[in-house]
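Written below as structure tokens is the structure these notes are about.
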Amino acid sequence: MENWLTEFPEAFSVDIRTPIDNAIEYMVVHWSGFFDKISDGLRLVLLRVRMAVDLVPWWLLILFVFGLTLLLTRKPARALLYAGMLFFIGMIGLWHMMYATLTIIITSVIIALLLGFPLGVLVSFSNRASKLVRPLLDTMQTMPSFVYLIPAVMLLGLGNVPAVVATVIYAMPPIVRMTSHGIRHVDKEVVEAAQSFGSTRLQLPVKVLIPQAMPTIMTDVNQTIMMAISMVVTCSMIGATGLGAEVLLGINRLESGRGFAAGIALVIVAIVIDRLTQGAVREEGHSHAEA
Amino acid sequence: MKTLTKRLTTLALALMMLMMLAGAQANEAIFGDAGWDSMKFHNAVAMLVAQEAYGLSTSEISGSTAITYNALKTGDIHVYTETWTDNIAPYPEDVSAGKVIELGVNYADNIQGLYVPRYVIEGDESRGIAPMAPDLKSVSDLKDYALIFQDPEDPRKGRIYGAISGWMIDDVMRKKVAYYGLDAMYNYMDPGSDPALAAAIVGAYEKGEPIVAYYWEPAWITGKYDLVLLEDAPYEPEAFLRGETECPSIPLTVAVNPGFYEANPEFCEFLSNYYSSSALTSQALAYISDNDASYEEAARWFLTAHDEMIDDWLAEDKAALVRAALQ
């Protein structure tokens, strides 16, 4: 007789492992055509983004960051600092790896925005959709990524494609949440004013709500990018190339120097993108205030 | 009311202290789990013996090879039951410097190399798969079949799923690809991690797609799926490092932390007697896969099925203790 007070009673045990295994095996075998299509599509997007990224020579990117920082902050010292930091990535020989990493980040963020933004708008208008989507978003953000990385590899193969899928899963929730949050919190007076001036059902969201919510939404584009960057090393464990793979190699070979060099490069990429997108949000805020 | 709460809390705390005191044992053996199944199985067997015959409490710490091996040196991990000596570059030096103590060889008849599923060569009528590379026998034959193993990210070339970066064999495999001139028509892909490599093989196998990948035996993958090892030139020590020959069997040793060795001479004597073989390990892994068994259950089954091993490993009195525990 087992002790029900200290041990969870066996009578209530449920096996969810076998059904999940079977479902994944079924998908691998029977839905391979569908997943191959997704895989091909993503690969094409990745390839295009890579081509676009490769079109930018190193000096142009550094100049661009310098110019944009100057434009956004009007602080030459800061512009010089960010440009110098990027230059440093080239100096430690990681420029090409940075491009590979940027390709994955850009592709993932674009897809996350394309999926997340409409979903966020939808969720902001329907309470029922909101109730349905919220637990899903929570799951996407908290489920340990390796859990779905391995089935993703079985379905999509190894490399940058499953990396993009995993990154999108992890980085999409904030854009959905904040788009919906931003739209829901637009001033009631503004909405009433728009309605009393006779805006139609379509005009209200397109011309009033979404533009008004833009600053909130932009903050979350920034968050989505940061979350995509945080997935870089995890994704290298399923064969994604770039800085993450270099970090992993450093860890696997106990070469701390190699790991740190790539890690520092990632930090620089994150800081520069973060400051630039935040600057863009502030700039947006200013122009709104001025208007 | 307040005093009652206080008393109850005190009582509960006292009880917890008592339980902790009772639970705390002077001697603990911490086993390293570098992430693959055969090592977990050998850990389970050794842990069972440690508990039953030597009264040690046991635990297992998981991590990558590099991290767990480093922990073995620092003493956070005490026992490594399956050290892939050739894959850990600093190992020979560490042994001669006394940073880790090598107690003996667990088994030394393992295989590693490039594998393809059997259906790639012979086809599989029951699954409706026609042979894709009928004359593929050896690594050098891969030259003729690059587009069979097409790299989806670079369709003009084939893809070879390589070893995990950081393992010594990864260097050898890269050199092998270059030595046979395969690098002109194949991309050598770094799978990133052991589970990802396994998932890639399983995914391709379930779909009946062609794949050529580095793997090793014994492992549940090579046990469960019908994979064929591609032939290579006979092993020669120097040439092997240049990637020109097949892989030798690596002695998989049992190694312990020096501090643990001094504190537990009796248990270490058992570990130095410990041995198994590739076939025995595969049997146990197949048992796990077929019965959905835990490693501990597999260890119990193994010690029951191979009762004679207990006498080889242990003195009479200890052997009796283990047998009693198996009843």
Side-chain angles (χ1 to χ4, degrees), chain A residues 15 17-18 21 24-33 35-36 39-40 42-44 46-47 50 100 103 146-163 166 233-242 244-256 258-259, chain B residues 19 34-35 63-71 73 87-91 94 127-128 149-155 159-171 187-211 213 289 292 294:
Chain A
D15 177 25
R17 289 155 52 174
T18 321
D21 283 345
I24 290 172
E25 204 180 309
Y26 183 87
M27 286 200 285
V28 170
V29 176
H30 295 274
W31 294 3
S32 64
F35 282 103
D36 284 350
S39 185
D40 290 343
L42 284 176
R43 195 168 295 120
L44 200 70
L46 268 167
L47 219 64
R50 179 72 212 228
T103 306
F146 235 92
V147 172
Y148 52 80
L149 280 180
I150 292 307
V153 168
M154 289 195 211
L155 293 167
L156 301 168
L158 215 55
N160 291 332
V161 170
V233 175
T234 311
C235 286
S236 71
M237 299 182 101
I238 49 168
T241 48
E246 189 73 359
V247 169
L248 196 68
L249 194 65
I251 297 171
N252 282 345
R253 291 196 186 157
L254 286 185
E255 294 175 349
S256 307
R258 185 190 281 262
Chain B
M19 280 164 74
S64 69
T65 304
I67 288 168
T68 49
Y69 178 71
N70 213 37
K73 284 202 277 184
N87 279 343
I88 303 174
Y91 182 77
D94 289 341
R127 295 172 66 194
F149 304 102
Q150 194 176 46
D151 183 347
E153 288 181 20
D154 183 4
R159 178 189 269 183
I160 293 174
Y161 289 81
I164 285 83
S165 63
W167 293 6
M168 196 211 71
I169 192 70
D170 181 44
D171 272 345
N187 292 314
Y188 179 93
M189 170 149 200
D190 173 2
S193 59
D194 168 17
L197 177 61
I201 296 174
V202 172
Y205 198 99
E206 300 280 352
K207 284 185 256 188
E209 286 173 359
I211 183 170
S289 169
D292 204 9
S294 69

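Quick note: numbers below take in every heavy atom, side chains included, and nothing from hydrogens, waters or symmetry partners. Quick caveat: nothing in here was measured; it's all calculated off a predicted structure. Labels below follow one simple rule: chain letters A, B, ... track the order of the sequence lines, proteins then strands, and each chain is numbered from 1.
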What's the shortest heavy-atom distance between [X] and [Y], and which atoms?
| X | Y | answer |
| --- | --- | --- |
| A:Met154 | B:Val202 | SD-CG1, 4.1 Å |
| A:Met237 | B:Ser193 | O-OG, 2.6 Å |
| B:Glu206 | A:Val28 | CB-CG1, 3.7 Å |
| A:Ile251 | B:Ala66 | O-CB, 3.6 Å |

Could you look at [X] and say if it's the side chain, the backbone, both or neither that has a heavy atom under 4.5 Å from chain B?
| X | value |
| --- | --- |
| A:Leu155 | backbone |
| A:Asn160 | both |
| A:Glu25 | side chain |
| A:Asp15 | neither |

* If you round to the nearest 0.5 Å, how far is CD1 of B:Ile211 from CG of A:Leu158? -> 8.0 Å
Heavy atoms only, distances under 4.5 angstrom: which of [options] has the most pairs with chain A? Name it, please.
| options | value |
| --- | --- |
| B:Pro195, B:Ala199, B:Ala204 | B:Ala199 |
| B:Pro152, B:Pro90, B:Gly203 | B:Pro152 |
| B:Glu209, B:Met189, B:Met168 | B:Met189 |

* Side chain from CB out, backbone as N, CA, C, O: work out which of these in B:Tyr205 comes under 4.5 Å of a heavy atom of chain A, or both, or neither. => neither
* Where on B:Ile88 is there a heavy atom nearer than 4.5 Å to chain A: the side chain, the backbone, both, or neither? -> neither
* Would you mind reporting whether A:Leu46 and B:Glu153 have side-chain heavy atoms less than 4.5 Å apart? => no
